[in-house]
Structures are given as structure tokens and as C-alpha cells.
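Please read the structure below before turning to the comments.
Note that the structure is a prediction, hence the values are computed from the model and not measured. When a ligand or atom number is given, it counts from 1 through the structure's own listing order.
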Amino acid sequence: MSLQTQTHRITVPEIRAHKHAKPVVCLTCYHAHTARLLDQHVDLILVGDSLGMVMHGLENTLGVTLDMMITHAKAVMRGSSHALVTVDMPFGTYEESPQVAFRNAARIIQETGATAVKLEGGTRMAETIKYLTERGIPVIGHIGLTPQMVHVKGGFHTTGRTKEEWPALEADARAVADAGAFAIVLEGMAEPLAAKITAEIAIPTIGIGASAACDGQVLVMEDMLGLNPNPPKFVRQYAQLGPAIEAAVNAYASDVRERRFPGAENVYPMKKAQ
Ligand code: KIV
């Protein structure tokens with residue numbers, strides 16, 4: 001008998017089964033310690049390409065590379081054992097063809113041990129989603145506000161606020177679901193459209209700035225923990241870790257400057273000579 005504790009990592013069918021049932025709880029995560037902290041409390045961990053801004057100070061997600069995603073995903077896998085880990089495919093690694101997408105997605109799955117990948121785009125990515133899922137790579141779709149389109153759209157704009165936009169976005173959601181994705185992120189979408197799409201498709205919708213009508217929610221963890229001084233308007237902050245970290249660092253700096261910091265003489269007392 002193995003002495004190791006057997007832990008069950010949530011599976012793709014289990015996430016799918018959240019449709020019309022309990023909401024899917026998802027957060028982004030990019031490193032091992034935080035993965036350990038949130039692992040038992042969420043169903044899904046997303047190693048999002050938002051790590052470009054959050055971890056690396058980039059202006060948008062376009063500079064994120066496959067190697068960066070793989071490095072952070074490995075750390076998250078080491079820190080977690082329960083939540084299903086999905087990794088974003090960064091800009092430039094999947095749009096060219098289903099074959100290129102497969103090669104890069106396979107690298108993510110093989111090198112990190114994560115279960116699934118996420119990629120942006122609706123109808124235009126359906127063929128690729130089908131190609132990946134038929135070959136063993138589970139996919140989460142992502143429509144609405146798709147940050148990798150920032151230059152084409154001229155910024156980050158919410159979607160679905162006029163009814164004229166709805167048919168194309170509904171067609172995107174259907175195409176992603178029909179192609180075999182097991183869930184879909186709806187980002188920056190007006191509530192009536194998010195609710196309509198959620199009712200129309202058979203896979204869970206996971207909203208970010210897309211209202212409580214979705215089958216689940218995802219937030220960038222640093223936004224909801226109060227580490228981002230300018231979080232998006234829709235984010236509820238559940239903690240203020242930014243000010244807490246600043247206060248702790250300030251207290252530490254005072255201790256060091258006042259020589260109150262315990263020195264090596266206390267931690268490692270000198271041994272008596274034999
Ligand atoms: O990269 C990311 O964090 C995401 C979420 C915002 C859904 O794609």
C-alpha cells in the first residue's frame with residue numbers, strides 16, 4: 001500500500017458537470033505558494049497570460065511567451081493537487097494553424113502536467129479547438145473582450161452592449177461549444193447577452209466582468225486580493241494585501257534600522273567548546 005496521500009485532481013467531465021449545477025469557482029494563479037493556498041477552495045486554476053502584466057510588468061499580454069507560460073504553470077502544478085489547472089496559450093502560439101496550435105499545446109501539457117489549455121477566439125478558432133480536443137488536449141474557449149486583440153480593437157472594450165453585436169457573439173459561443181471545448185470564458189460582456197449565451201450552450205460559461213448570470217466566475221487573484229492599485233471596475237476586493245504588505249515591509253525596515261532584528265547570535269547560539 002502506498003504511504004502517499006492520494007489526492008483527486010478535478011477532471012474535465014467534473015467541470016462540465018457544473019452546467020446547471022453548482023457554479024464553477026476559478027482564480028488565476030502564477031506561482032507555487034499561492035497555488036497551495038487556493039487549491040482546496042477553487043475548482044479551476046487558470047495560469048492566465050495576464051501574468052505578463054501581473055508578474056512581469058508588461059503593458060498587455062502580447063509579450064508573453066510559451067516559455068513564460070510553461071515556467072509559471074510548472075510552479076502552479078507543484079503547488080496544487082486538487083484543482084484542475086488550465087494554461088493560457090499566449091499570443092502567436094496557436095492562431096496560425098491547428099497543427100502549430102497542437103505542437104505548442106502539447107508542449108504545455110507534456111512539460112507542465114496541466115490538464116487543459118485556454119485560447120481566445122470564437123468561430124475563427126473552432127477548427128483549432130476541434131483539432132486539439134480530438135487529439136487529447138482539452139480546451140477552454142474565451143470570447144467577448146479578448147485581450148490579445150487589443151491593437152485590432154484599439155483598446156479593451158466591453159461587448160454586447162448593443163443588440164447588433166449579439167448574433168456574432170452568440171455564434172462564437174456556439175462554435176466553441178460545438179467544437180468540443182469543455183467550458184468557455186465570457187469576458188467583459190453585458191449581462192443580458194451573457195445570460196442568453198449561458199442558456200443557449202451546453203458547456204459552463206465562466207464570467208469575468210460578465211455578471212452573475214454565468215455558470216461560474218474567474219478573477220485575477222491579485223485584483224481580488226487588493227494587490228493591484230487600479231483593478232477593473234467590476235472586481236470585488238476580498239482583502240487589502242497591498243497595504244498589508246507595505247505596512248509589514250515598513251515594520252521590518254524599522255526593525256533593521258533600529259537593530260531590533262534578531263541576529264545570528266540568537267538564532268544560532270554559540271556552542272560551548274568541548
Ligand atoms: O489571462 C487571464 O488572466 C485571463 C482571465 C482574465 C480570464 O484570461
Side-chain angles (χ1 to χ4, degrees), residues 15 23-31 34-35 38 42-66 68-73 75-76 83-95 104-105 108 112 114 116-122 125 129 138-150 153 155-159 169 172-173 176 181-189 194 197-198 203-212 214-225 227-228 230-237:
I15 296 295
V24 181
V25 182
C26 179
L27 279 174
T28 64
C29 183
Y30 321 119
H31 91 315
T34 46
L38 60 85
V42 302
D43 306 302
L44 196 60
I45 291 177
L46 173 66
V47 185
D49 60 355
S50 51
L51 66 79
M53 289 93 90
V54 178
M55 300 295 289
H56 297 271
L58 298 175
E59 210 168 293
N60 54 49
T61 56
L62 301 181
V64 176
T65 65
L66 196 60
M68 284 160 83
M69 294 308 300
I70 287 173
T71 299
H72 287 282
V76 168
L84 188 153
V85 175
T86 294
V87 184
D88 260 345
M89 298 205 65
F91 176 69
T93 64
Y94 64 96
E95 303 89 335
N104 289 324
I108 291 175
T112 69
V117 298
K118 174 169 83 59
L119 52 84
E120 295 182 9
M125 292 314 304
I129 293 170
V139 178
I140 296 183
H142 182 160
I143 65 163
L145 190 167
T146 45
Q148 293 175 12
M149 293 295 271
V150 58
K153 300 283 183 191
F156 301 109
H157 303 299
T158 51
T159 59
L169 286 160
D172 278 341
V176 167
F182 70 96
I184 184 168
V185 168
L186 307 182
E187 179 165 359
M189 190 177 282
I197 288 175
T198 299
I203 56 173
T205 57
I206 302 174
I208 173 159
S211 88
C214 298
D215 296 307
Q217 298 293 327
V218 56
L219 284 178
V220 171
M221 189 183 63
E222 285 74 3
D223 289 348
M224 57 83 86
L225 291 180
L227 282 162
N228 177 357
N230 299 305
K233 273 205 292 255
F234 58 82
V235 172
R236 175 166 170 196
Q237 293 189 313

Worksheet item: Who are the side chain to side chain contact (heavy atoms under 4.5 Å, CB included) partners of Ala105, not counting sequence neighbours?
Response: Met89, Val117, Leu132, Ile137
Worksheet, complete the sentence: By side chain to side chain contact (heavy atoms under 4.5 Å, CB included), Ala114 pairs with (sequence neighbours left out) Met77, Val85, Val87, Thr112
Discussion item. Just so I know, are the side chains of Met189 and Ser211 near enough to count as touching, which here means a heavy-atom distance under 4.5 Å?
Written reply: no
Item to complete: Check side chain to side chain donor-acceptor pair (under 3.5 Å) between His31 and all other residues, then give those that pass, not counting sequence neighbours.
Response: Thr34
Pairs under 3.5 Å, N/O atoms on ligand 1 and on the protein: can you put them in a table with the distances?
{"from": "ligand 1", "atom 1": "1 (O)", "to": "Asp49", "atom 2": "N", "distance (Å)": "3.1"}
{"from": "ligand 1", "atom 1": "1 (O)", "to": "Asp49", "atom 2": "OD1", "distance (Å)": "3.0"}
{"from": "ligand 1", "atom 1": "1 (O)", "to": "Ser50", "atom 2": "N", "distance (Å)": "3.0"}
{"from": "ligand 1", "atom 1": "1 (O)", "to": "Ser50", "atom 2": "OG", "distance (Å)": "3.3"}
{"from": "ligand 1", "atom 1": "1 (O)", "to": "Asp88", "atom 2": "OD2", "distance (Å)": "3.1"}
{"from": "ligand 1", "atom 1": "3 (O)", "to": "Ser50", "atom 2": "OG", "distance (Å)": "2.5"}
{"from": "ligand 1", "atom 1": "8 (O)", "to": "Asp88", "atom 2": "OD2", "distance (Å)": "3.4"}
{"from": "ligand 1", "atom 1": "8 (O)", "to": "Lys118", "atom 2": "NZ", "distance (Å)": "2.9"}

Discussion item. Under a 3.5 Å threshold, yes or no: a donor from one side chain and an acceptor from the other, between Thr198 and Thr205?
Written reply: yes
Worksheet item: Is the closest side-chain donor-acceptor distance between Asp49 and Gln148 under 3.5 Å?
Response: yes
